[in-house]
Amino acid sequence: MPAQKIETGHNDTVHDVSMDYYGKRVATASSDSTIKVIGVSNNNTSQHLATLSGHQGPVWQVAWAHPKFGSLLASCSYDGKVIIWKEGNQNEWSQAHVFSDHKSSVNSIAWAPHELGLCLACGSSDGNISVYTARSDGTWDTTRIDQAHPVGVTSVSWAPSTAPGALVGTSILDPVQKLASGGCDNTVKVWKLYNGIWKMDCFPALQMHADWVRDVAWAPNLGLPKSTIASASQDGTVVIWTVAKEGDQWEGKVLRDFKTPVWRVSWSLTGNLLAVAAGDNNVSMWKEAVDGEWQQVTTADQ
């Protein structure tokens, strides 16, 4: 499939691009303080649909909620705010909710698996992670992980709602609520919700990076027997962390030293392909071979 170029209309750096569930629209987040919603089609054309203005600083990330909750977008910014945007009439967006609990930049947001309800995790430079869960009456519950990474949280990612090894459909009664986070303390941490309180679920913190962790991504498991997290760092490495079963120690393995800061890691929907975006303007795809070694599949020059 040939690459499609999209003119975003932003007049500053674009920090994040997120595709909706159906692959028909992308949302982009930029230093110009706005979010753009762009329609994309198979015939290589794109169309500007909406500009969302409300942040007072660079917008770092944007994320679509699952369509079962309606047409919702979340965004986070240097201004410390998290905004939930709701589409009413087609392409008419309004601010449904603004969270301003964080005292400094909110760097990362992630919607939970839809089985857990409408639930958003946010990581901030103030060191804290907040988790907002929508209630049926339109209000939001907040739980927090205070000082998750005291020098700053850079990234958050949810675990799949099915436990490793569980057959699809067997865990509906007891979905797993777990988060991975990365921080400026060079570590990756795993958190689990116990009776409404988030507690660290890995001891000690996962340490193989020598500089800031820029991104973490928990892989979909589709009934696979293990949990897998990828982490990307300013130190140029990507580490693949795996754990076989609950309570075991996580084990880390360096995927590769890219010799340049690595910004983002992202899994395919089936969890068998990993995309790595690095500071050399390349996006590379990686796949785990039968022997457990990781092999590069392709590179897309930007």
Side-chain angles (χ1 to χ4, degrees), residues 1-6 8 13-30 38 40 42 44 46 60-64 66 76 107-111 113 121 123 154-160 179-182 188 206 208-209 211-222 224 226-242 252-290 292-302:
M1 192 177 149
Q4 180 176 351
K5 258 206 163 67
I6 297 172
T8 65
T13 309
V14 174
H15 297 289
D16 194 27
V17 180
S18 178
M19 188 165 266
D20 76 354
Y21 182 83
Y22 300 108
K24 296 277 192 268
R25 297 183 292 180
V26 296
T28 55
S30 166
I38 300 156
V40 290
N42 297 337
N44 257 5
S46 58
W60 301 130
Q61 280 190 9
V62 62
W64 297 89
H66 190 279
C76 64
N107 303 317
S108 180
I109 47 174
W111 290 107
T154 56
S155 50
V156 286
S157 178
W158 287 87
L179 275 172
S181 62
V188 173
L206 309 184
M208 275 181 69
H209 290 297
D211 207 334
W212 288 19
V213 175
R214 286 280 179 191
D215 197 23
V216 290
W218 203 309
N221 60 30
L222 290 180
L224 293 174
K226 61 183 179 183
S227 292
T228 305
I229 295 170
S231 59
S233 170
Q234 185 73 21
D235 69 10
T237 64
V238 169
V239 173
I240 307 290
W241 305 90
T242 54
K253 185 174 179 179
V254 175
L255 173 79
R256 176 171 160 187
D257 183 352
F258 289 82
K259 306 276 195 280
T260 179
V262 187
W263 304 113
R264 298 295 288 271
V265 277
S266 178
W267 294 97
S268 63
L269 292 176
T270 48
N272 61 346
L273 270 182
L274 179 69
V276 177
D280 57 4
N281 291 342
N282 284 329
V283 176
S284 54
M285 303 283 189
W286 298 79
K287 191 171 191 157
E288 189 177 13
V290 182
E293 293 301 309
W294 287 81
Q295 296 169 343
Q296 188 169 341
V297 190
T298 100
T299 303
D301 295 328
Q302 295 306 298

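Side chains are part of it too, since the values below use all heavy atoms of this structure and drop only hydrogens, waters and symmetry mates.
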Rounded to the nearest 0.5 Å, what separation is found between the CD atom of Gln61 and the CG atom of Asn107? 8.5 Å
Atom of Ala277, atom of Val262 and distance for their closest heavy-atom approach: O-CG1, 3.5 Å
Just wondering, more than 12 heavy atoms not from Trp212 lying within 6.0 Å of its CH2? no
What I'd like to find out is whether the side chain of Thr298 reaches to under 4.5 Å of the side chain of Met285, using heavy atoms alone. yes
Heavy-atom check, side chain of Val276 versus side chain of Leu255, under 4.5 Å: yes
What is the minimum heavy-atom distance between Ala121 and Val156, and which atoms define it? O-CG2, 3.8 Å
For Trp267, all residues meeting side-chain hydrogen bond (donor to acceptor under 3.5 Å, both in side chains), sequence neighbours excluded: none
Those residues at least two apart in sequence (or on a different chain) that pass side-chain hydrogen bond (donor to acceptor under 3.5 Å, both in side chains) with Asp235 are His209, Ser233, Thr237
Between the main-chain N or O of Gly292 and the side-chain N or O of Lys253, is there a donor-acceptor pair closer than 3.5 Å? yes
Counting C-beta onward and ignoring hydrogens, is there a side-chain heavy-atom pair between Ser108 and Trp60 closer than 4.5 Å? no
Can you name the nearest heavy-atom pair linking Ser268 to Pro220, along with the distance? O-CG, 3.5 Å
For Arg264 and Asp16: C-alpha separation, side-chain torsions, deciding distance, then whether salt bridge (Lys or Arg N to Asp or Glu O under 4.0 Å) applies. CA-CA 10 Å; Arg264 298 295 288 271; Asp16 194 27; 3.2 Å; yes
Test Asn221 against Thr228 for side chain to side chain contact (heavy atoms under 4.5 Å, CB included), laying out the working first. CA-CA 8 Å; Asn221 60 30; Thr228 305; over 6 Å; no
Using side-chain heavy atoms (C-beta onward) and a distance below 4.5 Å, is Trp241 in contact with Met208? yes
Do His15 and Thr13 have side chains that get closer than 4.5 Å, going by heavy atoms? yes
Please report the closest heavy-atom contact between Ala230 and Ile240, naming both atoms and the distance. CB-CD1, 4.1 Å
Taking Trp218's backbone N and O only, do any of them form a donor-acceptor pair with Ser157's side chain (distance below 3.5 Å, no angle check)? yes
If every non-hydrogen atom of Lys259 is compared with every non-hydrogen atom of Asp257, which pair is closest and at what distance? N-OD1, 2.8 Å
Taking all atoms of both residues into account, what is the closest heavy-atom pair of Gly23 and Val40, and its distance? O-CG2, 3.7 Å
Do Thr260 and Asn282 have side-chain heavy atoms sitting under 4.5 Å apart? no
Donor-acceptor pair, side chain of Ser18 and main chain of Ala27, under 3.5 angstrom: no
Flag, side chain of Trp64 to backbone of Tyr21, donor-acceptor distance under 3.5 Å: no
Within-4.5 Å side-chain heavy-atom neighbours: Ile6 and Thr28: no
State, yes or no, whether a side-chain contact exists between Lys287 and Asn272 at a heavy-atom distance under 4.5 Å. yes
I would like to know whether Val239 and Val188 meet side chain to side chain contact (heavy atoms under 4.5 Å, CB included); could you show each step before the answer? CA-CA 10 Å; Val239 173; Val188 173; over 6 Å; no
